[in-house]
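Below: the structure, in structure tokens.
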Amino acid sequence: MALTDHPKAYGTAAVAVAFTAGILVTLGFKDVYPDLERRYRRRRNRSARGSTSGPSRRDSLFWGPPVQLEDREANPSPHPKGDDDGVASDGIEACIGNTPLIKIRSLSEATGRTILAKAEFLNGAGNSPKDRVALNMIREAESQGLLVPHRGDTIYEGTVGSTGISLATLAHARGYKAHICMPDDQSYEKSDLLHHLGAEVERVTVAPITSPDHFVNLARRRAEEHERVHADGSKGFFANQFESTANWQAHFRTTGPEIHRQTEGRIDAFVAGAGTGGTISGVARYLREEAKLRDVKIVLADPQGSGLYNKIRHGVMYSPTEREGTRRRQQVDSIVEGIGINRVTENFEAGRDLVDDAVKVTDEQACRMARWLVEKDGIFVGSSSSVNCVAAVVAAVSLPEGSQVVTVLCDSGTRHLSKFWKRIKDLGLEEEEESSDLFAELGITQANAQT
């Protein structure tokens, strides 16, 4: 009896043959597919050079519209990495910038506003915002031919510490020497560190800016004398951080854009102190002019004895701790180092028209804030950072609830042990019971802060 005489049996046999053939074809295609995929990718890459649309597969009778093959390796990650992620960076300069912006929880909870701080002490060369400034000043001097690596050139600067530390670190990295002049009332941690970094350090008697022996004027003179003293063809370069436009421009190009990106443009106030004035001017100019944040409030944080508070509030450079027309000392009558000054520098002038308000901070308030941050947040900072945080609190409560304020943590408290933190100990703050009222601790009320 023929198979065709039994249709049911014929159908069963046909299905079995088709099923077996399907398995064989699938297994064969599985072995061939990787090679086809590689060939497809090569064709896709070649065609991509002349077309941005990318190739697509032909219409399928069964699946309708064209199916787009995806190259998973070529597609960008939904969480893009930094430009240098996974790639070795060249030198210590790569550790400068892109510092974290952190929320200070205790201050935010106490004020009902978000207070964020740019952790500039995490810059990897000199551990302060002066890393940005020092690098930009050196690069600009090199571009102008004022500094030539490995010629024996020396960078001279008058500084209270942080800029000198950044310059000393970067000088060696880029083939230079460093000579730092600083007043002798600054903490010894700074001058000791400068010595260890290989810089030549002159600690000089405090003098007014009008004196030729003021630490800045002395550094300028040392640079001018360099070629006469060193008959080896090397040059002396006076960095001039107080007046060099490379200072505020460093913050305009880096710090400001980073803050804008990290906050996604939601900034109600930026608060910072001014020594040279570069940070507040550079960031203010970026936020207002480049980022177009017209409503962001720029607030100066000023220690006692500095004249900048009165300059912003009343238009007159005058400190009540000094007789008008006299300058008893080069900085201010304050334990605070790094910010506060009794003259308007070129860097501060670059952004002075953008500063909306100023907050005066006493030494005791700075000390109490430093201790508060250690106890509540585990943040150990120096005097200028403490002044910034006090002013940030005052500025925050003058704004509507829910506002966002950004300030700067300049350097670690480890550079201020022998002076600022010694004062905190002498005040007995380290033995006091932990306070839960920030405003009582600082000696201010929210009502006073808002006026």
Side-chain angles (χ1 to χ4, degrees), residues 128 130 156-168 178-195 199-225 238-243 247 273-278 302-311 317-348 360-364 366-367 382-384 386-387 410-411 415-424 426:
S128 80
K130 298 302 185 180
Y156 293 86
E157 183 60 303
T159 169
V160 296
S162 292
T163 304
I165 292 167
S166 296
L167 282 171
H179 186 116
I180 305 301
C181 300
M182 64 187 303
D184 61 5
D185 64 346
Q186 301 302 295
S187 62
Y188 278 97
E189 288 88 347
K190 294 179 181 180
S191 55
D192 288 347
L193 179 55
L194 284 165
H195 280 297
E200 186 172 348
V201 182
E202 285 189 77
R203 287 180 69 100
V204 300
T205 303
V206 173
I209 187 63
T210 53
S211 168
D213 294 324
H214 181 273
F215 67 99
V216 173
N217 297 330
L218 179 61
R220 180 186 290 107
R221 189 165 70 251
R222 292 284 188 258
E224 293 169 350
E225 296 170 347
F238 175 49
N240 198 17
Q241 61 165 327
F242 287 90
E243 314 302 333
N247 184 337
T276 64
D302 211 32
Q304 66 181 51
S306 173
L308 295 180
Y309 170 85
N310 283 320
K311 187 67 175 177
M317 179 64 76
Y318 172 68
S319 168
T321 61
E322 300 176 341
R323 294 195 310 276
E324 191 166 11
T326 67
R327 291 291 178 266
R328 291 179 301 175
R329 44 182 300 172
Q330 58 84 20
Q331 191 194 23
V332 294
D333 292 316
S334 169
I335 196 163
V336 174
E337 297 179 1
I339 59 174
I341 196 170
N342 281 312
R343 71 182 194 275
V344 176
T345 66
E346 288 295 327
N347 280 285
F348 187 71
K360 175 73 70 179
V361 179
T362 67
D363 282 358
E364 184 174 353
C367 290
S383 55
S384 58
S386 297
V387 170
C410 305
D411 59 3
R415 289 186 186 168
H416 301 264
L417 297 177
S418 65
K419 188 176 178 182
F420 180 64
W421 277 93
K422 182 177 184 300
R423 173 68 66 86
I424 291 172
D426 292 344

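- By the side chain to side chain donor-acceptor pair (under 3.5 Å) test, Thr276 pairs with Lys130, Asn247, sequence neighbours left out.
- Among residues two or more places apart in sequence or in another chain, the side chain to side chain donor-acceptor pair (under 3.5 Å) test is passed with Asp411 by His416.
- Put simply, the side chain of Ser162 does not reach to within 4.5 Å of the side chain of Glu337, judged on heavy atoms.
- Every residue two or more places apart in sequence or in another chain that forms a side-chain contact (heavy atoms from CB on, under 4.5 Å) with Thr205 is listed here: Asp184.
- Considering only residues two or more places apart in sequence or on other chains, Lys311 meets the salt bridge (charged side-chain N to carboxylate O under 4.0 Å, His left out) condition with none of them.
- With sequence neighbours left out, Thr362 forms a side-chain contact (heavy atoms from CB on, under 4.5 Å) with Gln304, Glu364, Gln365.
- Listed by chain and residue number, Asp131 satisfy the side chain to side chain donor-acceptor pair (under 3.5 Å) test with Ser166 (two or more places apart in sequence, or in another chain).
- Among residues two or more places apart in sequence or in another chain, the side chain to side chain donor-acceptor pair (under 3.5 Å) test is passed with Thr163 by Gln241.
- Checked against ring-ring contact (aromatic ring centres under 6.0 Å, His included), Phe420 has no partners two or more places apart in sequence or in another chain.
- Remark: Glu224 pairs with Arg220 by the side-chain contact (heavy atoms from CB on, under 4.5 Å) rule, at least two apart or across chains.
- With sequence neighbours excluded, the residues forming a side-chain contact (heavy atoms from CB on, under 4.5 Å) with Leu218 are Cys181, Glu202, Val204, Arg221, Arg222, listed by chain and number.
- Between the side chains of Ser418 and Glu189, at least one donor-acceptor pair of N or O atoms lies under 3.5 Å.
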